[in-house]
Amino acid sequence: MLYFIANETARTGKGVGVWRQVQIELREKKIPYKVYMTEYKEHATEIAKMLSQKEEEDICIVVVGGDGTLNEVINGITDFEKVRLSLIPAGSGNDFARNLDIKKSPQERLARILECVENGPDCYERIDLGVAQWPESKKPRKYAISSGVGMDALVCQKMMTSKVKVIMNKLGLGKISYLIVTVQSLLGMETADMAVKVDGSNILNFKRTIFAAAMNAKAEGGGVPMAPKASVQDGLLSTCFVYKFSKIGALIRLPFLAVGAHEHFNGFKVFDCKSIDIKIKKPMALHTDGEYLGDVTEVSYSCLPGKMRFMV
């Protein structure tokens, strides 16, 4: 049995069209399945928790939605050794799909998933997950792509209510909405000093920090390669700090960041680690996988190597 968790409102309502294409294929192929439609925020977490507690030894869950829906599902799974997870992308950014080079149509993607299911419970790849924890959090928050504080999180916060995003999604230009909101956020935000502990010992200080990103994958925000050499299978986080620039200076350097050519510029610091603890002089916005979680003055990150069994 295949279990689908579908978000019909993904990509400003276009998720329903993706699910319909998948549903037609399932019916034509006479594949047994059950679908659960998300109806409110964190509903996918509740569904994933319920499914992962079934007595079945091989629970195959397919997410039809975007990065936010996938993140909710990851945070609902209670037993990753029983669950094989997969994704049919239907979101605005689709960064997780992009990082894993999932570019097929819904029908082609479903065919690959069905092939994997037929090949048995050993058909999957181990994918790392990141974990974010901060004093106000009730429990750690897992993520598949990235988490960060500062400008990238502020962009996520604004994208939640952005009219630009709605318009651009309808025009099929979702990436441009990220760029527009990024420029708006950069020019209006405040920077902050950060004290950073790397792998429990090494202390680094960053002045006038614009943002810090703890990347599990290479790219976020609609394909921006914050950590061009990152891997979701190396057991490490790739962190990216942007600091010391004036806002205009940062704006001038944005094109280099957008194409992954920023690592050798002063004011950019990219390095790998197993864990990192960040203390911030004043509150900054926090996100995981594009979901705004509030403003914080400290946050800790770590990597869960090979935690997720993903049907690629």
Side-chain angles (χ1 to χ4, degrees), residues 41-42 66-68 70-72 75 91-93 95 130-166 174 177-196 205-217 219-224 226-227 237-247 250-251 253-254 257-258 267-270 276-302:
K41 187 175 177 61
E42 302 294 339
D67 297 325
L70 179 65
N71 182 270
E72 287 191 13
N75 281 280
S92 301
D95 282 303
V131 180
Q133 191 162 13
W134 60 103
E136 297 83 6
S137 60
K138 296 179 181 178
K139 61 179 181 178
R141 185 82 185 180
K142 302 181 189 72
Y143 61 91
I145 306 161
S146 67
S147 180
V149 287
M151 186 190 71
D152 62 337
L154 187 59
V155 170
C156 295
Q157 180 187 11
K158 291 186 175 183
M159 287 293 285
M160 292 169 65
T161 56
S162 173
K163 293 181 180 179
V164 172
K165 178 181 177 180
V166 174
S177 63
Y178 280 99
L179 177 60
I180 294 171
V181 175
T182 294
V183 173
Q184 291 174 339
S185 300
L186 175 61
L187 295 178
M189 70 171 291
E190 292 186 16
T191 60
D193 294 347
M194 293 184 181
V196 179
N205 290 287
F206 295 95
K207 300 292 185 181
R208 304 195 308 277
T209 308
I210 295 171
F211 72 83
M215 306 292 296
N216 184 47
E220 66 171 21
V224 180
M226 300 286 190
L237 298 175
S238 292
T239 56
C240 177
F241 288 81
V242 181
Y243 62 105
K244 281 198 312 188
F245 294 135
S246 67
K247 293 178 182 179
L251 190 60
R253 290 166 175 82
L254 271 180
L257 181 63
F268 291 99
K269 181 76 171 176
V270 182
I276 189 167
D277 304 299
I278 301 173
K279 291 191 176 181
I280 314 165
K281 281 287 181 71
K282 51 188 174 184
M284 296 187 94
L286 168 71
H287 84 92
T288 58
D289 286 345
E291 298 297 304
Y292 170 70
L293 299 171
D295 290 3
V296 301
T297 54
E298 58 183 282
V299 60
S300 297
Y301 296 111
S302 58

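- Here the closest non-hydrogen pair linking R208 and D193 is N-OD1, 2.8 Å.
- Considering only heavy atoms from C-beta on, I278 comes within 4.5 Å of V196 through its side chain.
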Applying side-chain contact (heavy atoms from CB on, under 4.5 Å) to V224 and M226, what does each step give before you reach the verdict? CA-CA 6 Å; V224 180; M226 300 286 190; 4.2 Å; yes
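- Between A214 and T239, the closest heavy-atom pair is CA-CG2, 4.1 Å.
- Separating the CG atom in D277 from the NZ atom in K279 is a distance of 8.5 Å, to the nearest 0.5 Å.
- For the residue pair N75 / N71, a side-chain donor-acceptor distance below 3.5 Å is found, with atom types taken as modelled.
- Counting only heavy atoms from C-beta outward, the side chains of E190 and K282 approach each other to under 4.5 Å.
- Taking CD1 from I145 and CG from D95, the interatomic distance works out to 5.0 Å, rounded to the nearest 0.5 Å.
- How far CG of L293 is from CG of L286: 5.0 Å, rounded to the nearest 0.5 Å.
- A 4.5 Å side-chain heavy-atom check between L257 and F268 finds at least one atom pair inside the cut-off.
- Of all non-hydrogen atoms in T288 and S147, the two that sit nearest each other are CG2-OG, 3.3 Å.
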What do the steps show when you test L70 against D289 for side-chain contact (heavy atoms from CB on, under 4.5 Å), and what is the final call? CA-CA 9 Å; L70 179 65; D289 286 345; over 6 Å; no
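- By the 4.5 Å heavy-atom criterion applied to side chains, S300 and W134 are not counted as neighbours.
- Rounding to the nearest 0.5 angstrom, the gap separating the OG atom in S146 from the NE2 atom in H287 is 4.0 Å.
- Taking each heavy atom of P283 and D295 in turn, the nearest pair found is CB-CB, 4.1 Å.
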Walk me through whether L186 and I210 qualify under side-chain contact (heavy atoms from CB on, under 4.5 Å). CA-CA 8 Å; L186 175 61; I210 295 171; 4.0 Å; yes
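- Between L251 and K247, every side-chain heavy-atom pair lies at or beyond the 4.5 Å cut-off.
- Minimum interatomic distance between D152 and A213 (heavy atoms only, all atoms of both residues): OD2-CB, 3.9 Å.
- Annotation: the span from T191 atom OG1 to K281 atom NZ amounts to 11.5 Å, rounded to 0.5 Å.
- For Y243, there are no side chain to side chain donor-acceptor pair (under 3.5 Å) partners at least two apart in sequence or on another chain.
- Residues passing the side chain to side chain donor-acceptor pair (under 3.5 Å) test with E136, sequence neighbours excluded: none.
- Using a 4.5 Å heavy-atom cutoff, the side chains of M194 and M284 are in contact.
- The shortest side-chain heavy-atom distance between K269 and C240 does not fall under the 4.5 Å cut-off.
- Closest of all the heavy-atom pairs between Y143 and A132 is CE2-N, 4.0 Å.
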The test is salt bridge (Lys or Arg N to Asp or Glu O under 4.0 Å); show your working for K41 and E291 and say whether it passes. CA-CA 11 Å; K41 187 175 177 61; E291 298 297 304; 3.4 Å; yes
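- In this structure the side chain of E220 reaches within 4.5 angstrom of the side chain of M215, judged on heavy atoms.
- Interatomic distance, CD of E72 versus CD of E42, reported as 4.5 Å (0.5 Å rounding).
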